[in-house]
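What follows is a set of notes on a single structure, which appears directly below.
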Amino acid sequence: MIENIQTSLANFVVPDSMLSLLISTGLLILSILVIRALVSRFIKRQVDSLELRRRWLVQSRNGLILLMLLGLVLIWGEELRTLALSIVAIAVAFVVATKELIMCITGSILKAGAGSFSIGDRIQIKEFRGDVIDQNLLATTILEVGPGKLTHQRTGRMAVIPNALFVSEPVINESFTHDYVLHVFTVPFRRDDDWRGAQQAIVESARKQCAPFLEEVRRYMNRISVTRGLEPPSVDPRVTLQVPVAGEIHLIVRVPAKSGQRGFIEQAIMAEVFQNNDYLPRHPAAVTPDTRDAGHSDASPS
């Protein structure tokens with residue numbers, strides 16, 4: 001082993017350029033030490049005030065250290081530039097290789113700092129929608145709710161969402177008020193249907209279904225509004241009209257509900273309203289003269 005070490009030392013050759021840099025560095029350090037010794041001796045002999053002497057010694061020492069650093073930068077500048085380029089190249093390669101992991105960690109920090117949601121909340125991001133059951137530094141796990149954006153039943157599937165999505169995509173938190181929520185759903189009708197009767201029936205059914213907990217919801221919403229500095233919303237069931245296209249009427253139903261019973265309340269109202277009435281047009285469409293003429297023309301003579 002000793003022979004191998006001796007052989008390695010014998011074969012070790014310092015390049016001329018490196019040797020020149022080392023010699024220059026040694027001369028610089030030696031010069032700085034000599035100058036410091038001379039300056040210190042001069043200050044100690046010529047300055048009588050102890051406080052002034054101490055101040056000049058400190059300032060001269062700091063100035064010489066700064067001068068030495070500047071000299072080292074001038075001597076090793078090219079090597080430092082090469083080293084810096086190598087470090088930058090390695091850093092860029094590392095960032096490119098771990099881009100997704102870095103974005104996941106950034107997304108985790110973002111959602112934690114913004115307080116976007118917590119365990120148990122129902123969220124939607126892109127096409128993913130469900131109840132949050134777990135979250136860590138890299139991913140968020142939800143139990144899927146669907147199908148689509150209008151239903152509130154679990155599909156039995158689990159989705160693991162990378163936290164990188166929270167950096168570039170908006171998050172919808174359907175459980176912002178946690179215990180109680182304001183649930184909205186749509187009931188479409190044709191223009192000539194009895195949508196007025198359906199509107200009245202939906203309002204009555206909604207009031208009936210929500211009556212047991214309506215006052216509790218009102219107090220809860222008032223408390224949340226005071227805490228967050230918001231205007232307290234009206235929690236009474238309501239039905240508003242919307243005309244998306246000509247010939248259609250949509251009834252927009254908004255009811256208060258417990259966070260986990262939105263689908264139950266919606267289905268209870270729909271079942272009660274449409275159990276005994278389809279709300280079809282009250283008067284059948286009149287038969288036009290053209291229709292009557294067409295009917296006579298088609299009849300064959302006896």
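Predicted model only: the values in this text are computed from it and were never measured.
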Atom pair [atom1]/[atom2] of [X] and [Y] - distance to nearest 0.5 Å:
X: Arg238; Y: Arg254; atom1: CZ; atom2: CZ; value: 4.5 Å
X: Leu143; Y: Arg157; atom1: CG; atom2: CZ; value: 12.0 Å
X: Gln199; Y: Leu251; atom1: CD; atom2: CG; value: 6.0 Å
X: Arg61; Y: Leu66; atom1: CZ; atom2: CG; value: 13.0 Å
X: Ile133; Y: Thr141; atom1: CD1; atom2: OG1; value: 5.5 Å
X: Arg191; Y: Ile249; atom1: CZ; atom2: CD1; value: 4.5 Å

Who else is in Leu110's hydrophobic cluster (ILVMFWY, side-chain heavy atoms under 4.5 Å, direct or via others)?
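Same cluster as Leu110: nobody, lone residue.
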
How is the hydrophobic cluster of Val171 composed, in terms of its other members, when Ile, Leu, Val, Met, Phe, Trp and Tyr link through side-chain heavy atoms under 4.5 Å apart, directly or indirectly?
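Result for Val171 is Phe117, Ile119, Ile123, Ile125, Phe128, Val132, Ile142, Ile161, Leu165, Phe166.
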
Taking salt bridge (Lys or Arg N to Asp or Glu O under 4.0 Å) as the definition, give me every residue that meets it alongside Asp236, ordered by chain and number, with sequence neighbours left out.
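Asp236 satisfies salt bridge (Lys or Arg N to Asp or Glu O under 4.0 Å) with Arg218 once adjacent residues are dropped.
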
Arg81: what forms a salt bridge (Lys or Arg N to Asp or Glu O under 4.0 Å) with it, not counting sequence neighbours?
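Counting only residues at least two positions away or on another chain, Arg81 forms a salt bridge (Lys or Arg N to Asp or Glu O under 4.0 Å) with Glu78.
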
Do Asn163 and Thr140 get their side chains close enough for a donor-acceptor pair, meaning under 3.5 Å?
yes

Can [Y] be reached from [X] by stepping across I, L, V, M, F, W or Y side chains whose heavy atoms are under 4.5 Å apart?
X: Phe185; Y: Val145; answer: no
X: Leu38; Y: Trp56; answer: no
X: Tyr220; Y: Val181; answer: no

Heavy-atom donor-acceptor pair, [X] side chain to [Y] backbone, under 3.5 Å:
X: Ser108; Y: Cys104; answer: no
X: Ser60; Y: Leu57; answer: yes
X: Asn62; Y: Gln59; answer: no
X: Asn277; Y: Phe274; answer: no
X: Asp194; Y: Asp278; answer: no

Salt bridge or not for Lys258 and Asp179, using N-O below 4.0 Å?
no

Given Glu204, which of Arg207, Gln200, Lys208 fulfils the side chain to side chain donor-acceptor pair (under 3.5 Å) condition?
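Going through Arg207, Gln200, Lys208 one by one, the side chain to side chain donor-acceptor pair (under 3.5 Å) with Glu204 is satisfied by Gln200 alone.
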
Taking only residues two or more places apart in sequence or in another chain, which ones pass side chain to side chain contact (heavy atoms under 4.5 Å, CB included) with Met103?
Lys99, Ala164

For a side-chain contact (heavy atoms from CB on, under 4.5 Å) with Ile172, tell me which candidate from Arg122, Gln124, Arg129 qualifies.
Gln124

State, yes or no, whether a side-chain contact exists between [X] and [Y] at a heavy-atom distance under 4.5 Å.
X: Leu138; Y: Leu101; answer: yes
X: Glu216; Y: Tyr180; answer: yes
X: Val184; Y: Ile252; answer: yes
X: Val187; Y: Met270; answer: yes

Quick check: closest heavy atoms across [X] and [Y], and the distance to 0.1 Å?
X: Ala201; Y: Tyr279; result: CB-OH, 3.2 Å
X: Ser205; Y: Ile269; result: OG-CA, 3.6 Å
X: Glu174; Y: Arg262; result: O-NH1, 3.2 Å
X: Ala198; Y: Phe189; result: CB-CZ, 3.3 Å
X: Glu248; Y: Val243; result: O-CG1, 3.5 Å
X: Pro256; Y: Leu214; result: CG-CD1, 3.7 Å

Please table the atom pairs, donor to acceptor, closer than 3.5 Å between any side-chain atom in residues 21-36 and protein atoms at least two apart or in another chain.
from	atom 1	to	atom 2	distance (Å)
Ser24	OG	Ser20	O	2.9
Thr25	OG1	Leu21	O	2.8
Thr25	OG1	Trp76	NE1	2.8
Ser31	OG	Leu27	O	2.7

